[in-house]
Amino acid sequence: MGRLRTARSRWALAGVVAVLGLSGCGGDYGLPDPATEDGETILGLWKGAVLAGLAVAALIWALVAWSILRYRRRNDDLPSQTPYNIPLEIAYTVAPLVVVAVLFGFTVLVQEEVTGAETDPDLEVEVIGFQWSWEFRYPDLDVDVESTGEGDPVLVLPVGATVRFDLVAEDVNHSFWVPEFLEKRDLIPRVDNEVFVDVTRAGEWTGRCSEFCGLKHWAMRFGVRAVPQ
């Protein structure tokens, strides 16, 4: 009977570990399907962090389950009274530091790549945020897109081109956010800010202001349409 319970416990543990692993393999790990090159890079970093977290969690649960199953019976034998185990203590001190250092290193590399400036973008768009809508100006094309009050303004972008957004806030802080880009950038009064985007596929999405900016913050939406060049 004891062996049967042990086998069942081990199968249950294996099932928990399998569920944890499969939860990290479905879809894009809880993030939207990226529509930009930087989005793909950010998604790669996120996947690595999730897998590292799942691996650590699986190890911890496996050790806990092993301890419960291995030492579940009581007896009269006194357990080891060794006050310390230097190799073990060094291992469980160094291992988390290594994990954190590796994740930090990859994070810095991704941040440098995502926030790096392009010297020669294919298109420049001035993004103006104000309470409570958006305006998009294309200086090279002499085109100005703004809200008519009846619908959200639409930002049109070419697929496969490097676009630089010059972010301008006319009143208070706003934040330029398209979930499918997997990054956002703030618009701050009197602060020059910019973001570079390389759209990789055609599609239509909805952008939002992700910085609370007043009573109608919820209404600060805009459309994004990516079309072939």
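The structure displayed is predicted, hence computed values, not measured ones. In what follows, every heavy atom counts, from backbone to side chain, and hydrogens, waters and symmetry copies are set aside.
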Enquirer: Please enumerate all residues that pass side chain to side chain donor-acceptor pair (under 3.5 Å) together with S175, with sequence neighbours excluded.
Expert: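 Listed in chain order: D186, S210.
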Enquirer: After noting the C-alpha distance and the side-chain angles of F181 and V197, does the key distance pass the side-chain contact (heavy atoms from CB on, under 4.5 Å) rule?
Expert: CA-CA 8 Å; F181 291 178; V197 169; 4.2 Å; yes
Enquirer: Is it true that atom CG of D140 has more than 12 heavy atoms of other residues, nucleotides or ligands lying nearer than 6.0 Å?
Expert: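 Above 12, so yes.
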Enquirer: Residues two or more places apart in sequence or in another chain: which of them pass side chain to side chain donor-acceptor pair (under 3.5 Å) with E180?
Expert: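 Here no residue qualifies.
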Enquirer: Decide yes or no on side-chain contact (heavy atoms from CB on, under 4.5 Å) for V125 and L155, but give the supporting numbers first.
Expert: CA-CA 9 Å; V125 181; L155 175 64; 3.9 Å; yes
Enquirer: Tell me, do P153 and F136 make a side-chain contact under 4.5 Å, heavy atoms counted?
Expert: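 Contact flag for P153/F136 side chains = yes.
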Enquirer: When clusters are formed by joining ILVMFWY residues with side-chain heavy atoms under 4.5 Å apart, either directly or through shared neighbours, do L157 and F196 land in the same one?
Expert: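 In one cluster: no.
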Enquirer: Compile the donor-acceptor pairs under 3.5 Å between side chains in residues 87-99 and protein atoms, sequence neighbours left out, one pair per line.
Expert:
| residue | atom | partner | partner atom | Å |
| --- | --- | --- | --- | --- |
| T93 | OG1 | E89 | O | 2.7 |

Enquirer: Tell me whether W218 shares a hydrophobic cluster with F222, the cluster being built from Ile, Leu, Val, Met, Phe, Trp, Tyr side chains joined at under 4.5 Å.
Expert: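 No: no chain of side-chain contacts under 4.5 Å links W218 to F222.
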Enquirer: Measuring from T115:OG1 to E194:CD, what's the distance to the nearest 0.5 Å?
Expert: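 Answer for the OG1-CD pair, T115 versus E194, is 10.5 Å.
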Enquirer: Shortest non-hydrogen contact from G39 to L182?
Expert: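 For G39 and L182, the tightest heavy-atom pair comes out as O-CD2, 3.4 Å.
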Enquirer: Quick check for you: to the nearest 0.5 Å, what is the distance between R137 atom CZ and E135 atom CD?
Expert: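 R137 CZ to E135 CD: 4.0 Å, rounded to 0.5 Å.
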Enquirer: For Q131, which of H174, E170, M220, K216 qualifies under side chain to side chain contact (heavy atoms under 4.5 Å, CB included)?
Expert: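 Exactly one pass, corresponding to H174.
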Enquirer: Say whether T36 and D198, considering side chains only, have a donor N or O and an acceptor N or O under 3.5 Å apart.
Expert: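 No, because no side-chain N or O of T36 sits under 3.5 Å from a partner of the opposite role on D198.
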Enquirer: What's in the same ILVMFWY side-chain cluster as V191, cut-off under 4.5 Å, chained through other members?
Expert: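 ILVMFWY cluster around V191 also holds I188.
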Enquirer: Can you measure from CD1 (I42) to CD (E113) and round to the nearest 0.5 angstrom?
Expert: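 The CD1 atom of I42 sits 9.5 Å away from the CD atom of E113.
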Enquirer: For R201, I'd like to know if atom CZ has over 12 heavy atoms of other residues, nucleotides or ligands within 6.0 Å.
Expert: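 Check passes, neighbour count above 12.
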Enquirer: Under the salt bridge (charged side-chain N to carboxylate O under 4.0 Å, His left out) rule, collect the residues that match up with E183, sequence neighbours excluded.
Expert: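 In terms of salt bridge (charged side-chain N to carboxylate O under 4.0 Å, His left out), with neighbours along the sequence ignored, E183 is linked to R185.
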Enquirer: For V56, which residues count as a side-chain contact (heavy atoms from CB on, under 4.5 Å) partner, sequence neighbours excluded?
Expert: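 Here the qualifying residues are I60.
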Enquirer: Group every Ile, Leu, Val, Met, Phe, Trp and Tyr by side-chain heavy-atom contacts under 4.5 Å, then state whether L51 and L45 land in the same group.
Expert: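 Per the 4.5 Å side-chain linkage, L51 and L45 are co-clustered.
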Enquirer: Grouping I, L, V, M, F, W and Y whenever their side-chain heavy atoms are under 4.5 Å apart, do V199 and L43 come out in a common cluster?
Expert: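 No, it is not one cluster - the side chains of V199 and L43 are not joined through contacts under 4.5 Å.
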Enquirer: Applying side chain to side chain donor-acceptor pair (under 3.5 Å), name anything that partners R208, two or more places apart in sequence or on another chain.
Expert: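 With neighbours one apart ignored, the set is empty.
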Enquirer: So, using ring pair (Phe, Tyr, Trp, His ring centres under 6.0 Å) as the criterion, who are the partners of F212 when residues are at least two apart?
Expert: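 Residues passing ring pair (Phe, Tyr, Trp, His ring centres under 6.0 Å) with F212: H217.
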Enquirer: Taking ring pair (Phe, Tyr, Trp, His ring centres under 6.0 Å) as the definition, give me every residue that meets it alongside F165, ordered by chain and number, with sequence neighbours left out.
Expert: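 Testing F165 for ring pair (Phe, Tyr, Trp, His ring centres under 6.0 Å), a comparison that skips the adjacent residues, returns F176.
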Enquirer: Tell me whether the count of non-hydrogen atoms from other residues, nucleotides or ligands lying under 6.0 Å of CH2 in W132 goes above 12.
Expert: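 Atom CH2 in W132 is crowded, with more than 12 foreign heavy atoms closer than 6.0 Å.
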Enquirer: Distance-only, no hydrogens or angles: does the S133 side chain make a donor-acceptor pair with backbone N or O of G129 under 3.5 Å?
Expert: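 Such a contact is absent between S133 side chain and G129 backbone.
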Enquirer: Do you reckon V145 sits in the same ILVMFWY cluster as V163, going by side-chain contacts under 4.5 Å, direct or chained?
Expert: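 Yes: a chain of side-chain contacts under 4.5 Å links V145 to V163.
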Enquirer: Using a 4.5 Å cut-off between side-chain heavy atoms of Ile, Leu, Val, Met, Phe, Trp and Tyr, which other residues end up in the same hydrophobic cluster as I128?
Expert: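 Answer for I128: F130, V168.
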Enquirer: Where is the tightest heavy-atom contact between E211 and N173, given as atom of each residue plus distance?
Expert: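 That would be CG-O, 3.9 Å.
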Enquirer: With distance as the sole test, does E204 use its side chain to make a donor-acceptor pair with the main-chain N or O of V224 at under 3.5 Å?
Expert: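 The answer is no, because no donor-acceptor pair under 3.5 Å joins these two groups.
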Enquirer: In chain order, what residues pass the side chain to side chain donor-acceptor pair (under 3.5 Å) check against D33, with sequence neighbours excluded?
Expert: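 Once residues adjacent in sequence are excluded, D33 has no partner under the side chain to side chain donor-acceptor pair (under 3.5 Å) criterion.
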Enquirer: Could you check E124 against D166 for side-chain contact (heavy atoms from CB on, under 4.5 Å), going step by step and ending with a plain yes or no?
Expert: CA-CA 7 Å; E124 296 183 17; D166 297 316; 4.2 Å; yes
Enquirer: Does the T162 side chain pair with the main chain of D122, one donor and one acceptor, at a distance under 3.5 Å?
Expert: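 Side chain of T162 to backbone of D122, a donor-acceptor pair under 3.5 Å: no, none is there.
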Enquirer: With clusters built from Ile, Leu, Val, Met, Phe, Trp and Tyr whose side-chain heavy atoms come within less than 4.5 Å, directly or transitively, what are the remaining members of the cluster of W177, listed by chain and number?
Expert: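 None; W177 is a cluster of one.
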Enquirer: Yes or no on side-chain contact (heavy atoms from CB on, under 4.5 Å) for L123 and L141, after CA distance, side-chain angles and deciding distance?
Expert: CA-CA 9 Å; L123 178 66; L141 305 177; 4.2 Å; yes
